[in-house]
Structures are given as structure tokens and as C-alpha cells.
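The block underneath contains the structure these notes are about, expressed in C-alpha cells.
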Amino acid sequence: MAGELLVRVHLDWTGPEHYEHGRSRPCRVCDTPTQMRDGRGEACHQSCAEDELARELLGTGRARIADERVPAPGAARRRPAPSGGAR
């Protein structure tokens, strides 16, 4: 049975640097107009930035997490060598 990896991200955009009053620009992710700005000052909805970061973290997590109980697809199963010797 394969496991599930869930990533949730919540960014704190309460600071004034994340809002540009009166100037809507297309979001860098979804192209919908927004007055929100990311940490670099680019137009971006908070939810779009959170989703983007979650997808990035999920991809990194999947690449780094290996569950030893579940063999990778195509991996040959190894049987332990018999213990003891022949007499």
C-alpha cells in the first residue's frame, strides 16, 4: 500500500509590503488581476504563492523520502542469505 504525502502551507502576508493599494497587476501564477505582492514585490495571490510553495515542497519531499517497507517499483526483492553453514 502506497502512502500519501500532504503538504499545507500558510504564508503570513499581513505586512503592508504584500499589498499595493489601487494598482492591480496580473498574478505571476494565474494571470488574474491582484493587488497582492509576494516577497519579491511581484504580483501574486497569497493562495497562488502557497500552492506553488506546497507543490515545490511536495516534489522535494517525494524525491527525498524513501520508505524502506515499500520497495521501489521494479526493484528486485532480495531474500536474506540462509544462516549457518553446510556440514
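All values below were derived from every heavy atom in this structure, side-chain atoms included, with hydrogens, water molecules and symmetry-related copies excluded.
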* Structure fact -> Sorted by chain and residue number, the salt bridge (Lys or Arg N to Asp or Glu O under 4.0 Å) partners of Arg8 (sequence neighbours excluded) come out as none
* Asked: Distance from Thr34 atom OG1 to Glu20 atom CD, nearest 0.5 Å?
  -> 10.0 Å
* To do: State the NE2-CG distance between His18 and Asp12, to the nearest 0.5 angstrom.
  => 7.0 Å
Heavy-atom pair of closest approach, residues [X] and [Y]:
X     : Y     : value
Trp13 : Ala49 : CZ2-CB, 3.8 Å
Pro26 : Asp31 : CB-O, 3.8 Å
Arg28 : Asp38 : NE-OD2, 2.8 Å
Arg37 : Ala43 : NH1-CB, 3.6 Å
Cys48 : Val29 : CB-CB, 3.8 Å
Glu42 : Arg25 : CA-NH2, 3.8 Å

* For atom CD of Glu56, is the number of surrounding heavy atoms from other residues, nucleotides or ligands below 6.0 Å larger than 12? -> no
* Glu50 vs His45 side-chain heavy atoms within contact, under 4.5 Å -> no
* Look only at the side chain of Gln46 and the backbone of Leu11, and say whether a donor-acceptor pair between them is shorter than 3.5 Å. => yes
